[in-house]
Amino acid sequence: MRYDLVIFDNDGVLVDSEPLSNRLLAAYLTELGHPTSYEDSVRDYMGSALHRVHDLVLERTGQRLPEDFDEVFHRRVFAGFERELQPVDGVVDVLGKLAADGVPYCVASSGSHERIRVGHRKTGLDRWFDDGRVFSSEDVGRGKPAPDLFLYAAARMGVPAERCVVVEDSPLGVQAAAAAGMDVYGFTAMTSPDRLTPAGVQGHFADMRDLLELLG
């Protein structure tokens, strides 16, 4: 393999959470008086930490979201996870192959540690990710599209940035990986290739099982 570390985004790449999360986010923002469609949520917030939601709403409306916004939203998301969350199709095959070949990997997500862990327990992916392989935007000062999270994960895993590859499905995540000086492959199951290409990618793939050939 050409890389010494594979860094996975979580939502939409490991767990199939993006449709559920964006549906709930759009509904909650609309409920709070900020009309938001599912498509709006995907376009504006997919791949970002929740502080971006606060920042954009304040910028666009001059109004702050409620102090308990994050707590309420996470509660709704976790309940949704328990009802319907599944791993991304094919990702267990990919993780199994990487583990069998001794290729280091980790997850670097805009989501909180709690969100990552809840999703992994529900989908059974927790068997593939011990605490030393899990990194969250909570660990750094700035979330994606800043490079901080990916650089932090690489440093903790002991691998230079130029020897890392990132697997992402959002423009913000691709921008962050490129800013970190890492190669990045765009997963297009939910995001069209044209939305990822301007941010800088080495290639696209729509079936998770095709990733191993790209990394070869």
Side-chain angles (χ1 to χ4, degrees), residues 1-18 45-49 52 87-88 90-95 97-99 101-113 115-116 119-120 125 128-129 132-216:
M1 186 169 287
R2 303 194 306 273
Y3 304 100
D4 296 334
L5 176 65
V6 181
I7 304 177
F8 291 94
D9 176 41
N10 188 57
D11 293 293
V13 172
L14 295 176
V15 296
D16 192 20
S17 54
E18 290 292 10
Y45 304 122
M46 181 173 158
S48 68
R52 178 177 170 85
V88 166
V91 78
V92 171
D93 299 329
V94 171
L95 294 172
K97 178 64 173 170
L98 293 177
D101 291 347
V103 177
Y105 63 87
C106 65
V107 56
S109 171
S110 293
S112 66
H113 277 283
R115 177 183 173 123
I116 297 167
H120 285 192
L125 294 184
W128 302 101
F129 291 93
R133 297 178 189 264
V134 177
F135 306 103
S136 160
S137 61
E138 291 181 324
D139 301 325
V140 295
R142 298 182 300 168
K144 306 169 189 178
D148 305 39
L149 176 57
F150 289 135
L151 292 172
Y152 176 79
R156 288 289 302 271
M157 296 292 290
V159 178
E162 63 271 18
R163 297 298 304 159
C164 299
V165 62
V166 175
V167 184
E168 265 287 356
D169 69 332
S170 75
L172 293 175
V174 171
Q175 290 170 30
M182 301 176 181
D183 284 356
V184 55
Y185 285 93
F187 184 44
T188 59
M190 257 196 74
T191 310
S192 63
D194 62 290
R195 290 197 66 217
L196 298 179
T197 300
V201 294
Q202 274 58 55
H204 304 102
F205 65 106
D207 186 324
M208 184 56 69
R209 295 177 185 85
D210 293 337
L211 176 61
L212 292 171
E213 183 176 349
L214 290 173
L215 298 181

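When reading the values below, keep in mind they use all heavy atoms of this one structure, side chains included, and skip hydrogens, waters and symmetry mates. A quick note: this is a predicted structure, and the numbers were derived from the prediction, not measured. Residues take their numbers from the sequence shown, with the count starting at 1.
- Identified under the ring-ring contact (aromatic ring centres under 6.0 Å, His included) test for residues 163-186, with sequence neighbours left out: none.
- Between W128 and H120, the closest side-chain pair of non-hydrogen atoms is not below 4.5 Å.
- Between D183 and R2 there is no salt bridge, since no side-chain nitrogen of the basic residue lies less than 4.0 Å from a carboxylate oxygen of the acidic one.
- Residues R142 and L149 are not in side-chain contact: their nearest non-hydrogen atoms beyond the backbone lie 4.5 Å or more apart.
- Rounded to the nearest 0.5 angstrom, K144 NZ and L172 CG are separated by 9.0 Å.
- Heavy atoms only, all atoms of each residue included: D9 and L14 are closest at O-CG, 3.5 Å.
- Looking at S136, its side chain does come within 3.5 Å of a backbone N or O of G111 through a donor-acceptor pair.
- Taken from CD1 in I116 to OG in S137, the straight-line distance is 7.5 Å, to the nearest 0.5 Å.
- Of all heavy-atom pairs between A206 and A189, the closest is O-CB, 4.2 Å.
- At a threshold of 4.5 Å between non-hydrogen side-chain atoms, the residues V88 and V13 do not count as touching.
- Between the side chain of T191 and the backbone N or O of S170 there is no donor-acceptor pair closer than 3.5 Å.
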Exercise for the section: Test salt bridge (charged side-chain N to carboxylate O under 4.0 Å, His left out) on R156 and D139 and set out the steps. Expected result: CA-CA 11 Å; R156 288 289 302 271; D139 301 325; over 6 Å; no

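- Residues A180 and A161 share a closest heavy-atom pair of O-CB, 3.4 Å.
- Taking the six-membered ring for Trp, Y105 and F129 have ring centres closer than 6.0 Å.
- Separation of atoms CG (D11) and OG (S48) is listed at 10.5 Å; rounding is to 0.5 Å.
- Once rounded to the nearest 0.5 Å, the distance linking CZ of R133 with CG of L5 reads 9.5 Å.
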Please tabulate, for side-chain N and O atoms in residues 209-216, each donor-acceptor pair with protein atoms closer than 3.5 Å (sequence neighbours left out).
{"unit_1": "R209", "atom_1": "NE", "unit_2": "D93", "atom_2": "OD2", "d": "3.1"}
{"unit_1": "R209", "atom_1": "NH1", "unit_2": "D89", "atom_2": "OD2", "d": "3.2"}
{"unit_1": "R209", "atom_1": "NH2", "unit_2": "D89", "atom_2": "OD1", "d": "3.2"}

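- Contact detail for A154 and M182: the closest heavy-atom pair is CB-CE, 3.8 Å.
- Residues V167 and V94 have side chains not in contact (no heavy-atom distance under 4.5 Å, counting atoms from C-beta outward).
- We find the NE2-CZ distance between H204 and R195 to be 11.5 Å, quoted to the nearest 0.5 Å.
- In terms of modelled atom types and a separation under 3.5 Å, the side chain of Q202 and the main chain of V184 share a donor-acceptor contact.
- Put simply, CD on Q175 and CG on L196 are 10.0 Å apart, with the number rounded to the nearest 0.5 Å.
- In this structure a side-chain-to-backbone donor-acceptor pair under 3.5 Å is missing from E18 to M46.
- A search for salt bridge (charged side-chain N to carboxylate O under 4.0 Å, His left out) contacts involving D4 returns R163, not counting sequence neighbours.
- In this structure, R52 and Y45 approach most closely via the heavy-atom pair O-CE2, 4.1 Å.
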